[in-house]
Number of protein chains: 2
Amino acid sequence: MLTIGQLAAYAGVTVRAVRHYHQIGLLPEPERDPSGYRRYAATAAVSLIKIRTLADAGVPLSQISRMLEAEASAFAEAIRTIDNHLRDEIERLETSRRHIGQLTAGDSLALPPEVAAYLDRLRSIGASERMVEAERDGWILVAARWPDRIVEWMPGKVAQLDDPQVVRLYRVLSEIFDGDVEDDPRLAEAADIMACLAEQAHAAGEVILGEEADDDLPHDLIDALAVESDPRVERLRELMRERGWSGWNRMERLAEPPA
Amino acid sequence: MLTIGQLAAYAGVTVRAVRHYHQIGLLPEPERDPSGYRRYAATAAVSLIKIRTLADAGVPLSQISRMLEAEASAFAEAIRTIDNHLRDEIERLETSRRHIGQLTAGDSLALPPEVAAYLDRLRSIGASERMVEAERDGWILVAARWPDRIVEWMPGKVAQLDDPQVVRLYRVLSEIFDGDVEDDPRLAEAADIMACLAEQAHAAGEVILGEEADDDLPHDLIDALAVESDPRVERLRELMRERGWSGWNRMERLAEPPA
DNA sequence: CTTGACCTTGACGCTGCGTCAACCCTCCAT
DNA sequence: ATGGAGGGTTGACGCAGCGTCAAGGTCAAG
């Protein structure tokens, strides 16, 4: 006959845990000896260890009690579910490990090389330093949130720069934002190009839009970053609305052209 | 400028979590707009994602705030510590996975093959079915608690059965417990053999005793199991005490022989 | 003007115990 | 027999990290 302390030691748990399991009805209360002490048979150790094995696997105690009352087939099924959870959890921790590694790699200075290459490419087609910095800030945000998927996206972005229209757009925007003229006439040209690009994208990729709501977040994020208090940005949005498009990075056709 | 909901969505956390981080001072409160809404700059998303990355790695929030205030070197050091924790945690989950697998393999019927072989060996040297069952129950307990280490112990147990004295002991004990005589004279013979074995073990393995307190638990466990209300067991303990030994499975020499 | 989707603060709930407090039992050495 | 160490007993509060009402105020769209 075991005391609660011995039982706990054998099972490798604390006395408090055993009492807790009694309280919630997970482990049946044993007989008491004349002085009121709980007295356990050795089989209680097996039950207790079974409980701990499941609890260590991350199974909530409430579910453990249901499992112990279940039949063998249901129990085996539950075990399989738990095993899958464990597998997922291990995978989660492994990606988490990779992510914290990137965290130390220089706060936010060290962007993935793919992004750095993209920024270099931007510079080489004539984008201003200011423009490149703005892009970099945006990609830092994106890289922070989707460190794994960003690699998938860069090839597309780099490919876009083969389009002469896109190159022209970046140059015009660079000129606009490098000066300090608020109502630059080139804003209209930029808006024209953007509308044209939006038109093309709209015609080609209607299907692509239907992917996932998740995929829209990056664009919204860049949107929000861009609108950081510059009247020229506001003016550009206005010009786009005139041309029948709302949004900034991810355009949407407006219902009908404003009067 | 982002609302709290947008920020939360971008960072992949809940609104409640963001407010919680404000409450505990982990994330600085932003300016409010005229209506009292919190308004975030895009950089807040980076801070928030950094926090989540660490929190997902299992770092307590209180420690995260200290980390964010720390210098680069201390930060990098902390990251390394976290990485180690993650590695350990992954390993823990992997062993946990193995253990729950064993749980489903037939409750407690499927002992490790090494133990099954040992029990067969016991049977073949003439131990009674009842004796073998008692041993099996004991090893079920041990296997539940130390599923990995039990494999290390079995070879020693099997080797013991090569000792003719041990074989004799098992046979005598089998005879004693197979009948229902309470004061079997063969109890004395059993006690003699056990005392002799204890003497040998004491002489040979004094050093081994100094291993770890942890290693004593299995023996204590078997002890506790054995003393499950049989007067013959009590009698045997008494006879052993007379011969200067206490305990059952793991013997200790008493200070001086009782009068 | 309403409706629905946001935002605000405040407060309680949840898990799985750790950690007092205040007291009782048992055993061992003196 | 006596005292102290080292068990045991119940009861209660504390902790992290939010989830989840409650009871409102705000904003954009129809």
Side-chain angles (χ1 to χ4, degrees), chain A residues 1-27 29-40 44 48 51-67 85 213 220 224 241 246-247 252 254-256 258, chain B residues 1-27 29-40 44 48 51-67 85 96 213 220 224 241 246 252 254-256 258:
Chain A
M1 283 294 159
L2 309 169
T3 67
I4 196 171
Q6 291 171 317
L7 174 71
Y10 295 151
V13 306
T14 65
V15 170
R16 182 66 179 84
V18 177
R19 285 206 268 254
H20 184 60
Y21 300 155
H22 287 322
Q23 253 187 356
I24 65 174
L26 183 51
L27 193 67
E29 282 270 6
E31 302 284 292
R32 306 297 183 107
D33 73 5
S35 68
Y37 285 18
R38 293 180 179 83
R39 288 299 177 161
Y40 298 88
L48 190 45
I51 290 171
R52 276 317 312 174
T53 307
L54 289 168
D56 287 342
V59 184
L61 300 187
S62 58
Q63 199 182 327
I64 293 180
S65 36
R66 267 180 289 130
M67 279 183 70
H85 270 100
D220 288 348
R241 266 197 300 279
S246 76
E252 268 165 30
L254 293 175
E256 37 184 298
Chain B
M1 283 293 163
L2 308 169
T3 67
I4 196 172
Q6 291 171 318
L7 174 71
Y10 296 152
V13 306
T14 65
V15 170
R16 182 64 178 82
V18 176
R19 286 205 268 253
H20 184 61
Y21 300 156
H22 286 322
Q23 252 186 357
I24 63 174
L26 183 50
L27 193 66
E29 282 269 6
E31 301 284 293
R32 305 296 182 109
D33 71 6
S35 67
Y37 286 18
R38 293 179 178 85
R39 288 300 178 159
Y40 297 87
L48 190 45
I51 290 171
R52 275 317 312 173
T53 307
L54 289 168
D56 287 341
V59 185
L61 299 188
S62 59
Q63 200 182 327
I64 292 180
S65 37
R66 267 181 288 131
M67 278 184 70
H85 270 99
S96 176
D220 288 347
R241 265 196 301 278
S246 76
E252 269 165 29
L254 293 175
E256 37 185 298

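We name chains A, B, ... by the order of the sequence lines, and we start the count at 1 in each one.
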Report task. Identify which nucleotide among C/dT9, C/dG18, D/dG7 has an atom closest to any side-chain atom of A/T3, counting heavy atoms from C-beta outward. Result -> D/dG7
Query - Polar side-chain atom of A/Q6 near backbone of A/T3 as donor-acceptor pair, under 3.5 Å - result: yes
Query raised in the report: Is any N or O donor-acceptor pair between the side chain of A/R19 and the base of D/dT9 shorter than 3.5 Å?
Result: no
Requested in this report: Would you classify A/I4 as touching base, sugar-phosphate or nothing, given that sugar-phosphate means primed atoms plus P, OP1 and OP2, and contacts are heavy atoms under 4.0 Å?
Outcome: sugar-phosphate
Report task. Could you state the atom-to-atom distance from CD1 of B/I24 to C1' of D/dA16 in whole Å? Result -> 9 Å
**Report entry** Length of the line joining A/R16:CZ and C/dG16:P, which is rounded to integer Å
**Finding:** 13 Å
Report task. Provide the full list of salt bridge (Lys or Arg N to Asp or Glu O under 4.0 Å) pairs with a residue in residues 55-64 of chain B, sequence neighbours left out, each pair given once. Result -> B/R52-B/D56
Report summary line: Between CD1 of A/I51 and C1' of C/dC17 the distance, given in whole Å, is 14 Å
Report task. Just call it for B/L61: base, sugar-phosphate, or nothing, with non-hydrogen atoms closer than 4.0 Å on any strand. Result -> sugar-phosphate
Requested in this report: Could you work out which one of C/dT9, C/dC7, D/dC18 sits closest to the side chain of B/Y21?
Outcome: D/dC18
**Report entry** Residue mapping more 5' on DNA chain D - nearest nucleotide basis, B/H20 or A/G36
**Finding:** A/G36
Requested in this report: Could you pick out which residue, B/E29 or A/S62, lies toward the 5' side of DNA chain C when each is mapped onto its nearest nucleotide?
Outcome: B/E29
**Report entry** Proximal nucleotide (of C/dC7, D/dG7, D/dC27) relative to the B/S35 side chain
**Finding:** D/dC27
Query - Non-hydrogen side-chain atoms of A/I64 and A/L61 separated by less than 4.5 Å - result: yes
Query raised in the report: Taking for each residue the nucleotide of DNA chain D with the nearest heavy atom, is it B/P34 or B/A55 whose nucleotide lies nearer the 5' end?
Result: B/A55
Query - Nearest-Å distance for atom pair CG/P, residues A/D33 and D/dG7 - result: 16 Å
Requested in this report: Examine C/dC17: is either OP1 or OP2 under 4.0 Å from a nitrogen or oxygen in the side chain of A/R52? Give yes or no.
Outcome: yes
Requested in this report: Nearest whole angstrom, please: distance from the C1' of C/dC25 to the CE of A/M1.
Outcome: 19 Å
Query raised in the report: For C/dT9, does either OP1 or OP2 sit under 4.0 Å from a side-chain N or O belonging to B/R38?
Result: yes
Requested in this report: Please examine the side chains of A/P30 and A/R39, heavy atoms only from C-beta on, and report whether any two atoms are closer than 4.5 Å.
Outcome: no
Query raised in the report: Separation of A/L7 atom CG from D/dT9 atom P, in whole Å?
Result: 11 Å
Query raised in the report: Quick one: the side chain of B/Y37 and the base of D/dG25, do they pair up donor-acceptor inside 3.5 Å?
Result: yes
**Report entry** Spacing between A/R39 atom CZ and D/dT9 atom P, to the nearest angstrom
**Finding:** 9 Å
Requested in this report: Please name the pair of heavy atoms, one in A/I51 and one in A/Y21, separated by the smallest distance, quoted to 0.1 Å.
Outcome: CG2-CE1, 4.1 Å
Query raised in the report: Across the strands shown, which category fits B/R32 at heavy-atom distances under 4.0 angstrom: base, sugar-phosphate, nothing?
Result: sugar-phosphate
Query raised in the report: Do A/H22 and A/R38 have side-chain heavy atoms sitting under 4.5 Å apart?
Result: yes
Report task. Report the distance from atom CD of A/Q6 to atom P of D/dG6, rounded to the nearest whole Å. Result -> 16 Å
